[in-house]
There are 2 protein chains.
Amino acid sequence: MNHMDWNAYAALCPTRQALDRIADKWTVLILGLLCDGPMRFNAIRRRVEGISQKVLSQTLKSLERDGLVVRTAYPTVPVTVEYAITPIGASLADTVTPLRRWAEENIESILRARRAYDQAEVQMADAAFNSPIQR
Amino acid sequence: MNHMDWNAYAALCPTRQALDRIADKWTVLILGLLCDGPMRFNAIRRRVEGISQKVLSQTLKSLERDGLVVRTAYPTVPVTVEYAITPIGASLADTVTPLRRWAEENIESILRARRAYDQAEVQMADAAFNSPIQR
DNA sequence: TGTAACCGGTATCCAATGGAAACCAGGTAG
DNA sequence: CTACCTGGTTTCCATTGGATACCGGTTACA
């Protein structure tokens, strides 16, 4: 069985569920960090600004379950927990990092399009207000 | 101002919000379709199995707002609405399509890791049950 | 003359998710 | 004694997601 048998466009294909998991902003940011080397829980938390402990914990747990990162706890005082990327996780990181870079490179174009779109919406609302008979 | 000024790791950077929008399963699937040519609403709906009308409508609207697709309504009977990818949308499609392909190529490895993880969890629960003193 | 289906959507409802904040054990530093 | 470090879990609430019903307008079929 090769990968041609899987199809993310099919609702029940496990690929769909996997896509939902990996196409996630936190996943992109966390994997982007870990591919530079192992990191501890709170170190990741400080670097990924705005992530809550709960969501970081959940995301790491599910990345671990999928075999994309490995969690290692050292019996130091206080306990040290290190998260490292796996080879398959690294291959995913190579795939999602361009996504982050695309966002950083094209954000201005997006913001411009948004302003134009919202402006056009306002103008349409104005027109409807000034000649409500057209409703 | 160049793209080096933007940083998705900063909570308030608009790039973060954009990343959240584009790192989405429906966006990946829809852009993957549209880069083969324009498509009508219900045609997309039939190809992206399992998407609801509401979510498709919302996703397309936000893709349009961000300038990634263009919506064209033809006054035919019944009305024909066509969604086409823009050049910048196509560049995003080039970035997210590898994500879908990665999922399709690596799903088996993920499923294997999941089974191993869940199995280990069950064993740990069993051990805890058989010697509860360790709690 | 129904009536069923297609078009491209809204509107409504409820469950699941997301994030803020509190809390936890166990220990250190002041 | 208090405050803070470690790596989380729990609780709560608002936002979101998806299923379903509905909408006007038109066509095909019986």
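A note on names: the letters A, B, ... follow the listed sequences, proteins ahead of strands, and every chain is numbered from 1. The analysis underlying the following values was restricted to heavy atoms, covering all of them including side chains, and did not include hydrogens, waters or symmetry mates.
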**B:W102 and A:L19: CA distance, side-chain angles, deciding distance, side chain to side chain contact (heavy atoms under 4.5 Å, CB included) verdict** = CA-CA 9 Å; B:W102 187 95; A:L19 184 60; over 6 Å; no
**Request:** Please round to the nearest 0.5 Å and tell me the distance separating atom CD of B:E105 and atom CD1 of B:I110.
**Result:** 11.5 Å
**Item:** Point-to-point distance, once rounded to the nearest 0.5 Å, from CG of B:L29 to CD1 of B:I44
**Value:** 11.5 Å
**Message:** Tell me the closest heavy-atom pair linking B:A8 and B:R16, and the distance in Å.
**Reply:** O-NE, 2.8 Å
**Fill in**
All heavy atoms of B:G32 vs all of B:C35, minimum pair found to be O-SG, 3.3 Å
**Message:** Does this structure show an ion pair linking A:E104 with A:R100, if we count only N-O contacts that are shorter than 4.0 Å?
**Reply:** yes
**Asked** Starting at the 5' end of DNA chain C, which residue's closest nucleotide do you reach first, A:D24 or B:V81?
**Response** B:V81
**Asked** Which residue lies toward the 5' end of DNA chain D, A:T80 or A:D20, if each is placed at its nearest nucleotide?
**Response** A:T80
**Request:** Keeping to residues at least two apart or across chains, list the salt bridge (Lys or Arg N to Asp or Glu O under 4.0 Å) pairs with something in residues 31-47 of chain A.
**Result:** none
**Asked** With sequence neighbours excluded, what pairs up with B:T72 under the side chain to side chain contact (heavy atoms under 4.5 Å, CB included) test?
**Response** B:Y74
**Asked** Where along residues 45-59 of chain B does a heavy atom fall under 4.0 Å from DNA chain C?
**Response** B:R46, B:Q53, B:K54, B:S57
**Request:** Could you identify which residues of residues 63-76 of chain A place a heavy atom less than 4.0 Å from some atom of DNA chain C, listed by residue number, or say none?
**Result:** none
**Request:** Start with the C-alpha gap between B:W6 and A:E108, add the side-chain angles, then the distance that decides, and say whether side chain to side chain donor-acceptor pair (under 3.5 Å) holds.
**Result:** CA-CA 10 Å; B:W6 303 105; A:E108 297 181 10; 3.0 Å; yes
**Prompt:** Just to confirm, is there a sub-4.0 Å distance from OP1 or OP2 of D:dG18 to any side-chain nitrogen or oxygen of B:W26?
**Reply:** yes
**Prompt:** 5' to 3' on DNA chain C, which nucleotides open and close the contacts with chain B (atom under 4.0 Å from a heavy atom)?
**Reply:** C:dC7 to C:dT12
**Request:** Specify the separation, in whole Å, of atom CZ of A:F41 and atom P of D:dC5.
**Result:** 15 Å
**Asked** Can you name the residues that form a side-chain hydrogen bond (donor to acceptor under 3.5 Å, both in side chains) with B:R65, not counting sequence neighbours?
**Response** A:D118
